[in-house]
2 protein chains.
Amino acid sequence: MRASIRDELVQRATQVFYQRGFHATGMDTLVAETGVSKTAMYKHFRTKDDLILAVLRFRDETLRNWLFRRMEELGQTPESQLLALFDALDEWIKGPGFQGCLFIKASSEFQDAEHPIYLQSAEHKRLLRRHFRALATTAGVENADLLANQLLLLKEGAIVSAHMKTTQYPAEEARQAAGALLSIALRK
Amino acid sequence: MRASIRDELVQRATQVFYQRGFHATGMDTLVAETGVSKTAMYKHFRTKDDLILAVLRFRDETLRNWLFRRMEELGQTPESQLLALFDALDEWIKGPGFQGCLFIKASSEFQDAEHPIYLQSAEHKRLLRRHFRALATTAGVENADLLANQLLLLKEGAIVSAHMKTTQYPAEEARQAAGALLSIALRK
DNA sequence: TTAAATATGTACCGATCGGTAAACTTTGAA
DNA sequence: TTCAAAGTTTACCGATCGGTACATATTTAA
């Protein structure tokens, strides 16, 4: 029960930042929404930025674990797992509380290319990319780099378009496009 | 020379918000960066939100005008114009001062689905979508809606991936994917 | 049982937030 | 040339910002 207050703070803060934004959320709001006193917060994290970094690390772990597991559950072969990315995405988008991608938001609120928060956000995307590329390679795709990057483009586009309500069925449309690209990549 | 101070304020404010973010930019910063006094600002715009809305309207006009013109210049047929979207995108991304999409940022800092800033941002994407769909229809694509949405997914994904440096050649990879989708859509 | 560790609430810090008031200067059209 | 419109500077408002001090309560391990 010792370290759990810190964990609970991070988990609840993740939700608050996700729903309200980083700059728009003050430490007093965090106190009110998480139930953790400000003194305790600053005992665990030296600054607000440090807390945000912990939030991003937590989100990276949980989101990546969930996504990769869901892709495995929904697809038996590497090819179908790659397409299952968009089925999992669809679940996420249609699920409760979806508000876009926390890392896109973080990197756009902290744009400085050397800012730790920007770097941490970018790292998450790079880890996704690596996983997709490994799957593409296993599936026998020749240019696995290209396909992995393109799947990532479709994924990010779907998340943004879902958040901005540009399209009604972003994940489905992304999946259809991904299927076309995948079958082309496997045909040669 | 009368109305031009308002215009200059909007244009300079666009750059400041783009480079530094909306919540992160205070009105005093705006005074310092635009050279326009706070009194004058509040004579033209009742609130900061109103100024942001004017910024988004200005950006929507200039960006859409530039993009559509560039697509026409770079492509002779509707098909090649659709692909030229990604050539123009490439120019933008590689050009000076690129920091992602102002509308994605605005909608993620003002997430409330009924907030005027969110609605204004979403409108920009809808106008792009309409244009792409019209081009796809002219090109003879059967399911123009689907293709237009997929091109938009690739475009948004490329912008985000460029901003987060996930991929080195986002526009090129998006263009290649778009070419594949387009040729499939025209084949039937 | 007790003492250290770890919470808490409250009050506060200087700086900045969005926004206003008022007195003064520049500008442009009749 | 004159005068109102539109600009500026400066000072200010209450609220909130990120962050700290301190005295008190609760938890936990010996």
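Keep in mind the model is a prediction, meaning the values are calculated, not measured.
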(request) Check step by step if side chain to side chain contact (heavy atoms under 4.5 Å, CB included) holds for B:Tyr118 and A:Lys165. (result) CA-CA 10 Å; B:Tyr118 172 89; A:Lys165 295 172 189 159; 3.5 Å; yes

(request) Send over the distance from A:Ile5 CD1 to C:dA5 P, rounded to a whole Å. (result) 17 Å

(request) Please check if atom CZ in A:Arg130 has more than 12 non-hydrogen atoms from other residues, nucleotides or ligands closer than 6.0 Å. (result) no

(message) For A:Gln19, I'd like to know if atom CD has over 12 heavy atoms of other residues, nucleotides or ligands within 6.0 Å.
(response) yes

(request) Send over the distance from B:Met41 CE to D:dA6 C1', rounded to a whole Å. (result) 15 Å

(request) Can you tell me the distance, in whole Å, between the CG atom of B:Leu9 and the C1' atom of D:dT8? (result) 15 Å

(request) For A:Ser37 and for B:Arg46, find the nucleotide of DNA chain C with the closest heavy atom, then tell me which residue's nucleotide is more 5'. (result) A:Ser37

(request) Look at B:His44 and D:dG7 and indicate whether a side-chain polar atom (N or O) is within less than 4.0 Å of OP1 or OP2. (result) yes

(request) Evaluate the ring pair (Phe, Tyr, Trp, His ring centres under 6.0 Å) criterion for residues A:Phe17 and A:His23: first the C-alpha distance (whole Å), next the side-chain angles of each, then the deciding distance (0.1 Å), finally the verdict. (result) CA-CA 9 Å; A:Phe17 282 133; A:His23 284 100; 9.9 Å; no

(request) Whole angstrom is fine here: how far is it from CZ in B:Arg6 over to C1' in C:dT27? (result) 20 Å

Please write out each protein N/O paired with an N/O of nucleotides 16-18 of chain C under 3.5 Å, distance rounded to 0.1 Å.
residue	atom	partner	partner atom	Å
C:dG18	OP1	B:Lys48	NZ	2.4
C:dG18	OP2	B:Met27	N	2.7

(message) Without decimals, in angstroms, what is the distance between A:Lys43 NZ and D:dG19 P?
(response) 17 Å

(message) Expressed as a whole number of angstroms, how long is the span from A:Phe45:CZ to D:dT20:P?
(response) 15 Å

Tell me which donor-acceptor pairs under 3.5 Å the side chains of residues 154-162 of chain A have, and how far apart each pair is, sequence neighbours excluded?
residue	atom	partner	partner atom	Å
A:Glu156	OE1	A:Lys125	NZ	3.1
A:Glu156	OE2	A:Lys125	NZ	3.1
A:Ser161	OG	A:Gly157	O	2.9

(message) Using side-chain heavy atoms (C-beta onward) and a distance below 4.5 Å, is A:Leu67 in contact with A:Leu128?
(response) yes

(request) State whether the distance check finds a donor on one side and an acceptor on the other, under 3.5 Å, for side chain B:Thr39 versus base C:dT20. (result) no

